[in-house]
**Student:** 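Have a look at this one.
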2 protein chains.
Amino acid sequence: MDKTAFFQKFVAFTTAVHQVKHEMTKDLKPADITPVQYSILEYIAVQQPVTLSEISDCQHMSMPNTSREIRKLTEKGLCEKSTDAQDQRKQSIRLTPEGKAMMDEAFARIEARFFHRLQGASEGDLKTIEQALDVLQAKVFHTE
Amino acid sequence: MDKTAFFQKFVAFTTAVHQVKHEMTKDLKPADITPVQYSILEYIAVQQPVTLSEISDCQHMSMPNTSREIRKLTEKGLCEKSTDAQDQRKQSIRLTPEGKAMMDEAFARIEARFFHRLQGASEGDLKTIEQALDVLQAKVFHTE
DNA sequence: CCTTTTTGTTATCAAATGATAACTAACGAG
DNA sequence: CTCGTTAGTTATCATTTGATAACAAAAAGG
């Protein structure tokens, strides 16, 4: 096993993933949302409800900046805060119906692009791809 | 085949890749290099020699901004321009020895983290991983 | 209780990034 | 040769992002 070649394959792979993800998500965020805000919305959409601290950790941004961006998203009517019943320090953040509608549409368009990219793949190919995704997620891209 | 579940697996996977890549590359860029500049340096390191237009395309930034960042990197002594012999409009950009040394060290540290992450994987696991990388790059994350 | 820690906010500032206009020079096609 | 196109530069500006200090309130632990 050539370790250097293996590593280079890994680097090329992550670069390709980044590239493809960019292609699949470009031109779909509304004009009045900044890239950071869109990224936060994606995170909330998948993980909601979330707290400010969780966003701060996962998006690698400071609490003050996270607080600012959430305030802006709240002002735009895309997400809302509610105080956690158990711990009143915590803010439980969710998408508003408008925010959810926006993200649903964004994900629908990404999904369409995804399957467009897979057109031509047989049922067997899809099985192979699914297994490959499972393998890599379990053995390489695991995050705890 | 449940399409929605398949797509969600894809989303979770790309998110994990992004996350792991962030973990593996954090804290290794020198203090006087901005994130965008580091990204450009990575690109040059892998693809050199490159032209300004190529950087502009691949990094999704405008020519004026690309020009500015390359000028800054040149001023820092990390890359250098030379006019293409065939087409005198084109600038051939490469890393300087200092730039190469910097990126070699960065990649070495990423490689160390990569294999650290893979410690515990058997020789057979590595084969499986390599095949999974090949499959996904060919069938899903192909970029032409 | 009282102190420390966690969670979040507000204000402020600096730096990085993105966008555009106006320009030069070299190439390429007719 | 001339004209349109490609490659790159410079200058300028607005916006986004990142960083820090100073604060308040709730919780947790003695």
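First the proteins, then the strands, lettered A, B, ... as listed; each starts at 1. All heavy atoms count here, side chains included; hydrogens, waters and symmetry mates do not.
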**Student:** Over how many whole Å does the gap from R89(B) atom CZ to dC27(C) atom C1' extend?
**Tutor:** 4 Å
**Student:** In terms of the nearest nucleotide of DNA chain C, which residue is placed more toward the 5' end: D84(B) or S53(A)?
**Tutor:** S53(A)
**Student:** In whole angstrom, give the distance that lies between atom CD1 of I70(A) and atom C1' of dT17(D).
**Tutor:**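 One finds 15 Å between C1' of dT17(D) and CD1 of I70(A), rounded.
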**Student:** Please classify the nucleic acid contact of D87(A) as base, sugar-phosphate, or nothing, using heavy-atom distances under 4.0 Å.
**Tutor:** sugar-phosphate
**Student:** Cut-off 3.5 Å, side chains only: do S39(A) and Q59(A) have a donor facing an acceptor?
**Tutor:**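 Per modelled atom types, S39(A) and Q59(A) side chains form a pair under 3.5 Å.
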**Student:** Q88(B) has a side chain; which of dT20(C), dT9(C), dA26(C) sits nearest to it?
**Tutor:** dA26(C)
**Student:** Below 4.0 angstrom from OP1 or OP2 of dT9(C), is there any side-chain N or O of K81(A)?
**Tutor:**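 For dT9(C), OP1 or OP2 has a side-chain N or O of K81(A) closer than 4.0 Å.
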**Student:** Would you mind reading off the distance between Q59(A) atom CD and dT16(D) atom P, rounded to a whole angstrom?
**Tutor:**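 Checked: the CD to P distance equals 17 Å.
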**Student:** Give the nucleotide from the list dT9(C), dG8(D), dG18(D) with an atom nearest to the side chain of Q91(B).
**Tutor:** dG8(D)
**Student:** Scan P64(A) against the nucleic acid and name what it touches under 4.0 Å (heavy atoms): base, sugar-phosphate only, or nothing.
**Tutor:**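 The residue P64(A) makes base contact.
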**Student:** Angle between ring planes, F10(A) versus F141(A), binned at 30° and 60°: parallel, tilted or perpendicular?
**Tutor:**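 Parallel: the ring planes of F10(A) and F141(A) meet at under 30°.
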**Student:** Between T83(B) and Q91(B), is there a side-chain heavy-atom distance shorter than 4.5 Å?
**Tutor:**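 In contact.
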**Student:** When the distance from CD1 of I33(B) to C1' of dG18(D) is rounded to whole Å, what number comes out?
**Tutor:** 17 Å
**Student:** Specify the separation, in whole Å, of atom CG of N65(B) and atom C1' of dT16(D).
**Tutor:**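 Distance, rounded to whole Å: 13 Å.
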**Student:** Rounded to the nearest Å, what distance is computed from the CE atom of residue M63(B) to the P atom of nucleotide dA25(C)?
**Tutor:** 16 Å
**Student:** Starting at the 5' end of DNA chain D, which residue's closest nucleotide do you reach first, Q37(A) or T66(B)?
**Tutor:**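 The residue whose closest nucleotide sits nearer the 5' end is T66(B).
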**Student:** Decide, yes or no, whether a salt bridge links E75(A) with R71(A) under the criterion of side-chain N to carboxylate O below 4.0 Å.
**Tutor:** yes
**Student:** Within the structure shown, what part of the strands sits under 4.0 Å from Q86(A) by heavy-atom distance: base, sugar-phosphate, or nothing?
**Tutor:** sugar-phosphate
**Student:** Classify the nucleic acid contact of T51(B) as base, sugar-phosphate or nothing, counting any heavy atom under 4.0 Å across all strands shown.
**Tutor:**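 Sugar-phosphate only.
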**Student:** Taking only side-chain N and O atoms of T34(A), does any of them lie within less than 4.0 angstrom of OP1 or OP2 on dT15(D)?
**Tutor:** no
**Student:** Hey, which of these two, R68(B) or S67(A), hits DNA chain C nearer its 5' end, going by closest nucleotide?
**Tutor:** S67(A)
**Student:** Please report, rounded to the nearest Å, how far the C1' atom of dT7(C) is from the CG atom of L52(A).
**Tutor:** 8 Å
**Student:** Output the rounded distance in Å from CE (M61(B)) to P (dA19(C)).
**Tutor:** 10 Å
**Student:** Parallel under 30°, tilted from 30 to 60°, perpendicular over 60°: which one fits the rings of F114(A) and F6(B)?
**Tutor:**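 Because their plane-to-plane angle lies in the 30° to 60° range, the rings of F114(A) and F6(B) count as tilted.
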